Amino acid sequence: MRVILTAVLCLTIMGGAAFAAPKLLPVSQLLPNAAAAAEQIERFSPAAMRRAIADMKRRWPKTFKAGAEAKILEKIAAFEKKHSALRNALRSGDAAALKTARDIVAFQRDVLLRNPLIKADKVMLIERRSGPSARKFKDAKISRFGNGIPLGIPWRNTHSVLTTADPINGWNTRIALLSALGSPEGAKLDTLYKADNRKIITHLELDFDASRMMFTTIGKDERWHVFESGVSSPQPKQITPVVKAVDFFDACYMPDGNVFLMSTAQMNGLPCEGGTCPVGVPFIMDRKTGKLRQIGFDQETSWAPSIMNDGRILYLRYEYIDLPHYFPRIPFTCNPDGTNQRAYCLSNSYWPNSLFGLRAMPGHSSKIIGTATGHHGLSRMGQLVIVDPARGEQETDAAVQTIPGYGKKVTNVMTDALYGGAYPKAMTPWPLDDTYILVTMKLARDGLWGLYLVDTFDNITLICQQEDCFYTNPIMLTPRKRPPVLANRSDLKKTDATLSIQDIYTGPGLAGIPRGTVKNLRVISFVYPVTNTGSHAAIGIERGWDIKRVLGTVPVEADGSAHFTVPANMPIALQPLDAKGRALQLMRSWLTAMPGEKLTCTGCHERST
């Protein structure tokens, strides 16, 4: 693991030499040349604008004054006639074409940024001044796995924040406040909070009442920690404890006021890299006492938790057990007390390899949004995708659409470096509802990473971008409805849990196995390699990474049901056996029950919806 050499975090609030005074960003600055304008015009869609206008008129009739809509539609029609010729002129560097392009983008912003969902007019985000690398697809000095390094993100999709390059020394970063989003003069950019000692800031989160924020940076022991601050008068404090050789990161607020986060305290490492990259698993922090409780006992890293509309936790879990290694990163949910851990969708799927930045879409019961990307190749960046398990559980059956991708079926692609050459690329979406989303986006290979308002109609509306800057983690600075606080289902005085299966034959897991064949279940646990151990050949050549430990067998009743106790806080897999003790199937995953939990399932691979 990388040794961190720089000293203690020192924070300067509201200003500092590294950043200029608050300023407006007019369209002329957002589009300084023909190349920048061409990126926007390539994505300008008159048909998409008409769809969004119709939607806003239907949902918010007062958005447009009487007679204004007709004039707007006339102007769209006029621009539509110029669209093809304008794109060609911009490619040739025509100065007159640049002015026309700026007029179109200004018009698009004026119309679509009237959206009432952004009426709060304040967006909090992370800005990193990354110099010329802000435009780079990948640095020439970096391997094919290192494209995230210039942007301040982990250099592989298998890693947590721990492999961010030089987190202590080398970053010019702040939490900025963007306002006047739709102003003709341009958006206003202020410093909300900054670290002037070159430390990086990542994973910004906002409490439901918009009064507090959390983020991840380097703490007093020169390891990753979670910090919290008020929004109106930022004075951040480290809220995670100093524990030797342990990191804390990727935190979110829970409805009850406590914190869900990831930590390397389990002390196991990524096996395919010899355990050199520590794995982060889920923990819960009691904000009143500061006490931490581990709820994830997982083989690999989990990422970026957020809260679903029903109060559950949503996060991405990486699984390496007896599965094709390039694909199994699965959207997972659990209750705030750690109970009912299960796949939300895309289990047993080869598409997508990863779905980072997961968020529930406000106002919808089951849709979520994230960035679909590969295993190797591009780190954290990829195609913006909406999925809904109510449509289907696996692969593109669950896909609603990509953005852009209005009216198109999502293609089921199985490849390592998924969406590596596709544009636009997206990161860290913040859905405003199930139609409109704030997102970090890069429209073309040599373009900038900017902040955009996008929608399911295929509009991609530029809000802010600057040369030498990288924007990420946009959050609308407005109170949100606090999800319900779910009842506690664990009993921490106990050391075991109860597992009930209604019918082992239900679901595709035992498809084709005649009823009555399963007589017992072998109960298995796993021994994970500790940090700096394990490899591709430690247990077997390119197979399961971990030692399997048999805990015992339990009977299955004639009707396919089973009821038994298992140790709590332990990864458990089940193997159905016939009358001779022969394995009929193997659970290529694991379940974990909390102390005192009564965990139930219908059968093998039941639907989540």
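Owing to the predicted nature of the structure, the values given are computational and were not obtained by experimental measurement.
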Could you give all pairs that pass the salt bridge (Lys or Arg N to Asp or Glu O under 4.0 Å) test and reach residues 349-361, with sequence neighbours left out?
Glu205-Arg359

Can you check side chain to side chain contact (heavy atoms under 4.5 Å, CB included) on Tyr315 and Asp250, steps first, answer last?
CA-CA 10 Å; Tyr315 58 100; Asp250 286 15; over 6 Å; no

Indicate the ring-plane relationship of Tyr193 and Phe215, choosing parallel, tilted or perpendicular according to the 30° and 60° boundaries.
tilted

Sort and list the pairs that fulfil side chain to side chain donor-acceptor pair (under 3.5 Å) and have at least one residue in residues 590-599, not counting sequence neighbours.
Asp298-Trp590

CG-CE distance between Asn532 and Met267, expressed to the nearest 0.5 angstrom
10.5 Å

With distance as the sole test, does Arg489 use its side chain to make a donor-acceptor pair with the main-chain N or O of Leu599 at under 3.5 Å?
no

Ionic contact status for Asp310 with Arg312, cut-off 4.0 Å
yes

Would the distance check show the side chain of Lys425 and the main-chain N or O of Gly420 forming a donor-acceptor pair, the cut-off being under 3.5 Å?
yes

Does Val556 reach the side chain of Pro576, with side-chain heavy atoms less than 4.5 Å apart?
no

First locate atom CD of Gln238, then atom CD1 of Ile218, and finally report the distance between them rounded to the nearest 0.5 Å.
10.0 Å

Could you walk me through whether Leu574 and Ile501 pass the side chain to side chain contact (heavy atoms under 4.5 Å, CB included) test, one step at a time?
CA-CA 11 Å; Leu574 303 176; Ile501 301 173; 3.9 Å; yes

Donor-acceptor pair, distance only, cut-off 3.5 Å: does the side chain of Thr339 make one with the backbone of Ser490?
no

What's the separation between atom CD1 in Ile153 and atom CZ in Phe356, rounded to the nearest 0.5 Å?
9.5 Å

Residue pairs involving residues 263-273 (criterion salt bridge (Lys or Arg N to Asp or Glu O under 4.0 Å); sequence neighbours excluded)
Arg156-Glu273

For Thr472, side-chain hydrogen bond (donor to acceptor under 3.5 Å, both in side chains) partners two or more places apart:
Thr428

Are side-chain heavy atoms of Leu438 and Leu432 found at a separation under 4.5 Å?
yes

Any non-hydrogen side-chain atom of Pro508 less than 4.5 Å from a side-chain atom of Glu393?
no

Taken in chain and number order and not counting sequence neighbours, the residues that satisfy side-chain hydrogen bond (donor to acceptor under 3.5 Å, both in side chains) with Thr565 are none

Taking only residues two or more places apart in sequence, or in another chain, which ones meet His375 in a side-chain hydrogen bond (donor to acceptor under 3.5 Å, both in side chains)?
Arg329

Minimum side-chain heavy-atom gap Ile307-Ile313 below 4.5 Å
yes

May I ask you to test the Leu477-Leu206 pair for a side-chain heavy-atom distance under 4.5 Å?
yes

Flag the pair Asp247 / Pro278 as yes when at least one side-chain heavy-atom distance between them is below 4.5 Å, and no otherwise.
no

Note: Pro483 and Pro255 closest approach over all heavy atoms is O-CB, 3.4 Å

Quick one: does Glu319's side chain have a donor or acceptor within less than 3.5 Å of a partner on Ser347's backbone?
no

Before giving the answer on side chain to side chain contact (heavy atoms under 4.5 Å, CB included), spell out for Ile200 and Trp224 the whole-Å C-alpha distance, their side-chain angles and the decisive distance to 0.1 Å.
CA-CA 10 Å; Ile200 198 166; Trp224 291 95; 3.5 Å; yes

Residue list, ring-ring contact (aromatic ring centres under 6.0 Å, His included) with His225, at least two apart or on another chain:
Phe248

For Ala487, check side chain to side chain contact (heavy atoms under 4.5 Å, CB included) against everything at least two apart and list the hits.
none

Taking the side chain as every heavy atom from C-beta outward, state whether Thr333 and Arg342 have any atom pair closer than 4.5 Å.
yes

Test your reading of the model: is there a side-chain donor-acceptor pair from Glu395 to the backbone of Asp397, 3.5 Å cut-off?
no

Does Asn268 reach the main-chain N or O of Gln299 with its side chain, forming a donor-acceptor pair under 3.5 Å?
yes

Go through it in stages, so that I can follow the logic: the residues are Phe249 and Thr264, the test is side chain to side chain contact (heavy atoms under 4.5 Å, CB included), and I'd like the CA-CA distance, side-chain angles, deciding distance and then a yes or no.
CA-CA 9 Å; Phe249 47 91; Thr264 60; 3.9 Å; yes

What's the shortest heavy-atom distance between Pro331 and Ile368, and which atoms?
CB-CD1, 4.3 Å

Sequence-distant partners of Tyr318, ring-ring contact (aromatic ring centres under 6.0 Å, His included), two or more places apart:
Trp303, Tyr320

Gln575 to Leu586 - nearest heavy-atom pair and separation:
NE2-CD1, 3.9 Å

With Phe327 via ring-ring contact (aromatic ring centres under 6.0 Å, His included) - residues at least two apart:
Tyr350

Mind listing the closest non-hydrogen atom pair of Leu358 and Ser306 along with its distance?
O-OG, 2.8 Å

Can you measure from CG (Leu384) to CE (Met427) and round to the nearest 0.5 angstrom?
12.0 Å

Identify the two heavy atoms, one from Pro429 and one from Val439, that lie closest to each other, and give their separation to 0.1 Å.
CA-CG2, 4.0 Å

What distance do His364 atom NE2 and Ile386 atom CD1 have between them, rounded to the nearest 0.5 Å?
9.5 Å

I want to check something: taking the side chain as every heavy atom from C-beta on, are Pro352 and Leu346 in contact at a cut-off of under 4.5 Å?
yes

Looking at Ser379 and Pro154, would you say the former's side chain and the latter's main chain have a donor-acceptor pair under 3.5 Å?
yes

Check whether any side-chain N or O of Thr301 sits under 3.5 Å from a backbone N or O of Gly280 as a donor-acceptor pair, and report yes or no.
yes

d(Trp430 CH2, Ile475 CD1) to nearest 0.5 Å is 5.0 Å

For Val530, enumerate each residue passing the side chain to side chain contact (heavy atoms under 4.5 Å, CB included) test, keeping only those at least two apart in sequence or located in another chain.
Thr533

In terms of heavy-atom contacts, Gly296 and Val281 come closest through O-CG2, 3.3 Å

Test the Arg482-Phe208 pair against the cation-pi criterion, namely NZ or CZ under 6.0 angstrom from the six-membered ring centroid and within 45° of the ring axis.
no

Determine whether a donor-acceptor pair (N or O, by modelled atom type, separation under 3.5 Å) exists between the side chain of Ser525 and the backbone of Pro571.
yes

Measure from the side-chain N and O atoms of Asn309 to the backbone N and O of Met361, and report whether any donor-acceptor pair falls under 3.5 Å.
yes

Across all chains, not counting sequence neighbours, the side-chain hydrogen bond (donor to acceptor under 3.5 Å, both in side chains) partners of Glu228 are Arg212, Tyr253, Arg287

Are Asn520 and Arg522 close enough that a side-chain donor and a side-chain acceptor fall under 3.5 Å?
no

